[in-house]
Structures are given as C-alpha cells and as structure tokens.
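One structure is given here, and the rest of the page talks about it.
Here the structure is a predicted model, which means the values were calculated and not measured. In what follows, chains are A, B, ... by sequence order, proteins preceding strands, each numbered from 1.
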Amino acid sequence: MWKADRRSGKSVRNPFSNSKLALLRSNPSCLRPILEIVMSEEATGNEYRQQRIENMNQLAATGFPAFGKAFERTARLDELHAGFEEGRQVKACGRIVAIRKMGKMAFTHISDGSAKFQLMVKKDLLGEEKFAAFKLLDLGDIIGVEGELFITKTEENTVRVAEWTLLSKALLPLPEKFHGLTDVETRYRQRALDLISNPEVMEVFKKRTEVMREIRNFLDGRGYCEVETPMLQQIAGGAAAKPFKAHYNALNVDVFMRIAPELYLKRLIVGGMDRVYEMNRNFRNEGLDRTHNPEFTCLEIYQAYGDMRTMQELIQSMFTHLAETIFGKIEFEWMGNTINLQTPWREVPYHDLIRENLGDGWFEKGLDEAKAKAEELEVHIEEGMDFKQVTHEIYDKTIEGSLIQPTFITRLPKELVPLANHCDDDPELVDVFELIIGGKEIAPAYSELNNPIEQRKRFEEQADGNGSKMDEDFLSALEYGMPPTGGMGIGIDRLLMLLTGSDAIRDVILFPQLKPRG
RNA sequence: GGGCCGGUAGCUCAGUCGGUAGAGCAUUUGACUUUUAAUCAAAGGGUCCAGGGUUCGAGCCCCUGCCGGCUCACCA
C-alpha cells in the first residue's frame, strides 16, 4: 500500500530493502514512524527530502535520534591535523561531505569549516547494527565520532571509528560534490550552501575576519581609539550621497541611515580624542553593481595635529603589514593585473599626471581644444562644463583606470574636494591624496578643513540654499576649535577584493543586497 | 535605464531542422573490508523561469513579464 503515492499516482520505491529489513527485525517499533511518513498526506517535498526523512526515522528507531545535543570534541579538524599523532584516541565532529560505502566498510570525509578529515568505518569494529545504521547516513548529515587516529595506505590522516552519533540530519541534499555550487544567484541567495560546498568562499570570509581584526590590532597598537558613532542620523552628512530614510516614532522625526561617520568623528577630535577610528557600515541609496553594495564597510581614521602626510605613512604601513602578516606576500593578482604593494608608493600631483597623459601644454589650452581632445578620447562631455571639469572628466574616464600600481594623486583642484584644507603654496589646490590601486579609488585622505567660517561657506554652497540640511551642531563644534587634523577613509570591501583577488564586491560581503525573488 | 547573454532533474550541464526530454554526479536496489570525483550492474527522478501567441505539433520561433550575469550610461 505504501507503494502508491496518492498525490501523483506514481509509484514510489519500496523503502524496505534487505539491509533495512534486518534493522526492522531487531526493532519492530521503528515501523511506526516510517509508516507515518510514507503514508502521510503531509509527506511532501522532493524525492531527496522524502528519502532522507525515511532514513532519519529509521536511524531514530535504531537508537540514533536525528538532532543531538552538544558534542565535546577533542579538537577542531584543522587542529586534529596539526597535532596528528598515530594511535591517539579522539572525538571529532563535522558534516559528511563525501562518503564511499563498501560492503563491510566505508570511508567518509567530514568537514567542520576548518578542514576535512577522513573517517574509516568498519563493520567488525562497530558491530552489525551500528554499521548498518551508519550506512543510512546521507551526504550533509552532521555526526560526531570517537576513535583512534591512524594513517591509511594512501597516507591520509584518518579516524578509525569505534563509536558514532548523529548530531543533525540534513533533510536537503548538498550540491554536487565535484563542481560544487556555481550558480551565482543561488550562491548569494543561499550563502550557507555556498560556504558548505565551496571552501574557497569560506577562505575569503575567514580572510575578511582576519583583515578586520588585524586592522584593529594595528591601529590600537599605534594609539588609535575605536569609537562608534550614530548610524541613525537626523542629518546625513559627511559625504554627498542619497541616504536611506526611516522614521523614528518616539520622537516623530525622520532619520537617515548614515552615509558617512565623518562629521561625528570630527566632533570627537574637537572634544580631545586624539586619534580615533571607526570601522563599520555606511549606507548609500544608490545603484548596485560589481563594485557597489548599498551597505558597505568603511574605515575612517582621524588624527589630531596630523595631516594628509600622516595618513600617507599610515596607509602604506597598514597595507603592507596586512599583506605580509595575513597573506605572506606583497604582490596580488586583481582583475587581471599584478599589483605590488611594496612601499614607498608613487606620488604624483594631479596636474603633473594630467600633463604626463595629455601633454605638457595641456593647461595652456582653451576649452574648445580640451573638448576636442575629449571627443578624440571618446569621453562624453556634458553641455556647460568648464575647462577644469572637462579635464577631470578625461582623468576620470581614461587616466585613473590606467593607474595599476598604488599611486597617490595629490594637490587636487579645490573644486573637486570641498572638505579639505588648501595647500600652503597654492590656494587653488587642496592638500589631499587619492590612493588609486588597480585603477580603482581605494582611499581618499585630507588635511581636514578646520576653519569653521570656510566650512560653513562650503556647506552653504553644497546645500544650495536648502538650509535644513546644514549640520549646525557640527559647525558649532568646529567653532570651539578643531586642531589641524589628518583624516582618511578606506573602503574595506574594496581592499578585501584586492587582497583576496575578488572581482566582485559580492564575493567579499556575506549577504549582498539582491532583488527579492518574484 | 540601454545593449548583449543566460534560466532544462537536487547539483553541473547538453539538447541538432520545430516532431517521444538527455548525460555525469546525487538518489534507490544489488555486489564489494584501504577508498578518496571509489568501482561494477540495474532502476527511478522534469511546472524545460512565468504568462500569452504562431503551429497539426514549441525546451527550441514571436511577444510580455520576472530573476541573474556581463557591459555601457547615470549617480557619487
């Protein structure tokens, strides 16, 4: 009777194979759960899930309940490999990621996210019942085992299993073992599956954790103090970007997810916190592509009595430190280029870079000549752009992307960077750098503007008559006096793309933003 | 937003000229005590992204939509 699936009318397999019948004979009470499932109208799902539920019930009936309790292991699997010692009795656990069953023995690989480890299960060691039950395990199940370490003929570290227990039953099948999960959409939507079946993905995210920890170590070691400033802001300042909007009921005010922590960190500098940094999420209500996610992680650092040069030294030391301590190398492959982080990095003033690429006489040219050159380079120029804007457009579209090795662009025109101090020798230029690596902007740094009158003026220009956007609290903080300050912002996700050789920001963010599935 | 490409079994992918829906892995059954993409034999498994249209007949051709990838543009 259980052969008939009422829903489809199709036949289903007889769940009672010979080996299973052997189990049933020894414990007839296990018939009940099997029948409940097989006969149940609720028994839905695909063939695999159905099969695994049957296996689960048979395991439960023979003394292996499907969802166990905490398991005290001797060590994690990577530690087990590291401290391998033949003959040692150990307890180990993990998810079954490969299984090779034979008549009276089986080999299995378990993985706990740190490493894989081979298990050998033999009938004569376990006894008939426990061995038969072991053969009911499915790929993906999580088990704990106890046994002796030894090395196989093929010289692989292995546990000879004397006891085992089921810790968690996997009801859904894992992706194919050889190709893993490659469907990009499924990988992002079901990151857990991605992590289980693609070890290199796990590796990237472990590196992410290490990098963030090491950044903190590095900065803490230099006396920088990590702080947390508001994510919910009533005025979204510190950058020019569209914010996400929310409403705070208790105060009946609209609030914004922050687009940058800058204005709060500067308040702390005013308050006397000498060296501060914040490494956390920013939110920008903008497009989504290979290098942009609406929430992204940014490291902002401010140092009182410093300037752009302070930041220049800091970022070179920090990046090479990360490269050497975490990755053990100084060269990285990224987006088809080899990038060498060996310091000192090249520094070139903006105007020199332009002349280098567009000719010595570039800044003597007129607007029409510049536009003609833009056209020649297939750079689109908007109506009404002036000479500086045309120049910058050409820079943006053709020069920046060609700077593969780390390059500091300095002495930018003040129009491009409204929140920085001007250069001592030229009020038209600002004392900043933009760090370009692999043709991508990685970090800007400023000698911060600390003149409150000038700051107010620039805010007013930026707000364009919309007074409600002015952060008056910040301006009055500045009026109490902010020391000369060096500041820098580093896009952590992009840094991680570089260090891990990832081409897409989604590959370094665990749960990237996706459209809802229709 | 524009252009191009894609969505077929749990996974990875084929699918010819429009004519019975295919393979490998996985699953099930049988064999198997040193395997490791185990092996050997057999079997089962499909909302061909969705909805329309053309046609005697559509996975395939046409239209619309959804989701994704690449790319260009925009925004910063």
Side-chain angles (χ1 to χ4, degrees), chain A residues 3 5 8 10-21 45-52 54-55 96-110 116-126 131 135-136 138-140 150-158 160 170-190 193-194 196-198 236 238-243 259-260 282 284-292 294 296 378-380 382 392-393 396-397 416-418 441 444 462 489 491 503-504 506-507 512 514-518:
Chain A
K3 283 184 177 177
D5 177 344
S8 65
K10 288 176 186 166
S11 67
V12 296
R13 285 179 310 283
N14 185 341
F16 301 98
S17 63
N18 287 344
S19 59
K20 287 173 187 168
L21 278 171
N46 65 42
E47 176 195 5
Y48 295 89
R49 189 166 181 276
Q50 191 83 29
Q51 182 61 50
R52 282 161 181 258
E54 287 173 19
N55 292 346
I96 296 174
V97 293
I99 189 158
R100 297 175 290 282
K101 296 173 187 172
M102 279 163 279
K104 297 190 178 72
M105 71 179 302
F107 285 95
T108 288
H109 274 107
I110 57 171
K116 286 185 191 175
F117 213 98
Q118 182 167 261
L119 311 177
M120 186 184 74
V121 181
K122 292 170 79 172
K123 190 175 181 176
D124 56 10
L125 252 162
L126 272 179
F131 183 75
K135 289 183 89 170
L136 287 172
D138 291 302
L139 225 45
F150 78 109
I151 298 179
T152 60
K153 274 182 189 172
T154 49
E155 298 188 334
E156 178 162 354
N157 295 349
T158 303
R160 184 183 287 117
L171 295 184
L172 291 173
L174 258 31
E176 195 222 4
K177 61 189 170 189
F178 189 58
H179 296 92
L181 181 66
T182 64
D183 180 78
V184 180
E185 188 179 351
T186 312
R187 283 189 42 225
Y188 297 140
R189 288 193 195 277
Q190 299 201 51
L193 257 192
D194 191 23
I196 291 168
S197 53
N198 296 322
K242 291 185 202 109
I259 55 176
N282 289 345
R284 296 188 181 178
N285 204 341
E286 285 163 10
L288 192 58
D289 65 27
R290 205 160 43 124
T291 54
H292 295 85
F296 59 99
E378 292 176 358
V379 173
H380 177 71
E382 294 282 327
H392 192 67
E393 196 61 24
D396 222 35
K397 293 291 183 299
L416 299 177
V417 190
E441 208 177 294
Q462 204 179 22
D503 287 354
R506 288 174 166 186
D507 291 330
L514 297 167
K515 276 197 193 182
R517 193 131 44 182

Taking atom [atom1] in both [N] and [M], what distance in whole Å separates the two?
N      : M      : atom1 : value
G15(B) : U35(B) : C1'   : 36 Å
A9(B)  : G45(B) : P     : 15 Å
C32(B) : G10(B) : P     : 32 Å
G53(B) : U28(B) : P     : 43 Å
C60(B) : A50(B) : P     : 10 Å
C25(B) : G44(B) : C1'   : 16 Å
A21(B) : A58(B) : C1'   : 13 Å
C48(B) : G7(B)  : P     : 14 Å

Can you tell me the base-pairing partner of [N]? Count Watson-Crick or G-U wobble geometry only, both distances below 3.5 Å, and say none if there is no partner.
N      : value
A37(B) : none
C4(B)  : G69(B)
U28(B) : A42(B)

Minimum-distance nucleotide (side-chain atoms of [X] versus [options]):
X         : options                : result
Met105(A) : U34(B), C11(B), G44(B) : U34(B)
Tyr48(A)  : C11(B), G10(B), A76(B) : G10(B)
Lys153(A) : A76(B), U12(B), U34(B) : U34(B)
Lys515(A) : G10(B), G68(B), G44(B) : G68(B)
Arg284(A) : A76(B), U28(B), U71(B) : A76(B)
Glu47(A)  : U27(B), G10(B), G68(B) : U27(B)
Met102(A) : U71(B), U34(B), U12(B) : U34(B)
Leu181(A) : C11(B), G10(B), G45(B) : C11(B)

Could you check how far [atom1] of [X] sits from [atom2] of [N], rounded to whole Å?
X         : N      : atom1 : atom2 : value
Lys104(A) : A31(B) : NZ    : P     : 10 Å
Lys177(A) : C11(B) : NZ    : P     : 17 Å
Ile99(A)  : U27(B) : CD1   : C1'   : 13 Å
Leu171(A) : U27(B) : CG    : P     : 15 Å
His292(A) : C74(B) : NE2   : C1'   : 11 Å
Asp138(A) : C25(B) : CG    : P     : 18 Å
Arg100(A) : U34(B) : CZ    : P     : 13 Å
Leu288(A) : U71(B) : CG    : C1'   : 15 Å

Would you classify [X] as touching base, sugar-phosphate or nothing, given that sugar-phosphate means primed atoms plus P, OP1 and OP2, and contacts are heavy atoms under 4.0 Å?
X         : result
Asp289(A) : nothing
Lys101(A) : base
Asp124(A) : base
Thr182(A) : sugar-phosphate

Any donor-acceptor pair under 3.5 Å joining the side chain of [X] to the base of [N]?
X         : N      : value
Thr152(A) : U35(B) : yes
Gln118(A) : U35(B) : yes
Glu176(A) : G10(B) : no

From [X] [atom1] over to [Y] [atom2], what is the distance, rounded to the nearest 0.5 angstrom?
X         : Y         : atom1 : atom2 : value
Met105(A) : Met120(A) : CE    : CE    : 5.0 Å
Ile96(A)  : Asp138(A) : CD1   : CG    : 8.0 Å
Leu119(A) : Ile110(A) : CG    : CD1   : 4.5 Å
Lys397(A) : Glu378(A) : NZ    : CD    : 13.5 Å
Leu174(A) : Ser197(A) : CG    : OG    : 6.5 Å

Exercise. Are Asp183(A) and Arg189(A) ion-paired here, with the side-chain N under 4.0 Å from a carboxylate O?
Worked result: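 Here Asp183(A) does not pair with Arg189(A) in a salt bridge, since their nearest N and O are not under 4.0 Å apart.
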Problem set entry | Under 3.5 Å side-chain donor-acceptor pair for Gln190(A) and Asp194(A) | no
Exercise. Are the side chains of Asn157(A) and Gln118(A) in touch, meaning some heavy atoms are under 4.5 Å apart?
Worked result: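 No. Closest side-chain heavy atoms not under 4.5 Å.
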Exercise. Does OP1 or OP2 of U28(B) have a side-chain N or O of Asn55(A) closer than 4.0 Å?
Worked result: yes
Using a cut-off of under 3.5 Å, enumerate the N/O to N/O pairs linking the protein to nucleotides 3-8 of chain B.
none

Exercise. Where is the tightest heavy-atom contact between Arg284(A) and Ala239(A), given as atom of each residue plus distance?
Worked result: NH2-CB, 3.5 Å
Exercise. Start at the 5' end of RNA chain B and walk down; is the nucleotide closest to His380(A) or to Val184(A) reached first?
Worked result: Val184(A)
Problem set entry | Along RNA chain B (nearest heavy atom to each residue), the more 5'-positioned of Phe150(A) and Pro175(A) |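 Between the two, 5'-proximity favours Pro175(A).
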For this session: Please say whether more than 12 non-hydrogen atoms of neighbouring residues, nucleotides or ligands are located less than 6.0 Å from NZ in Lys135(A).
Result: yes
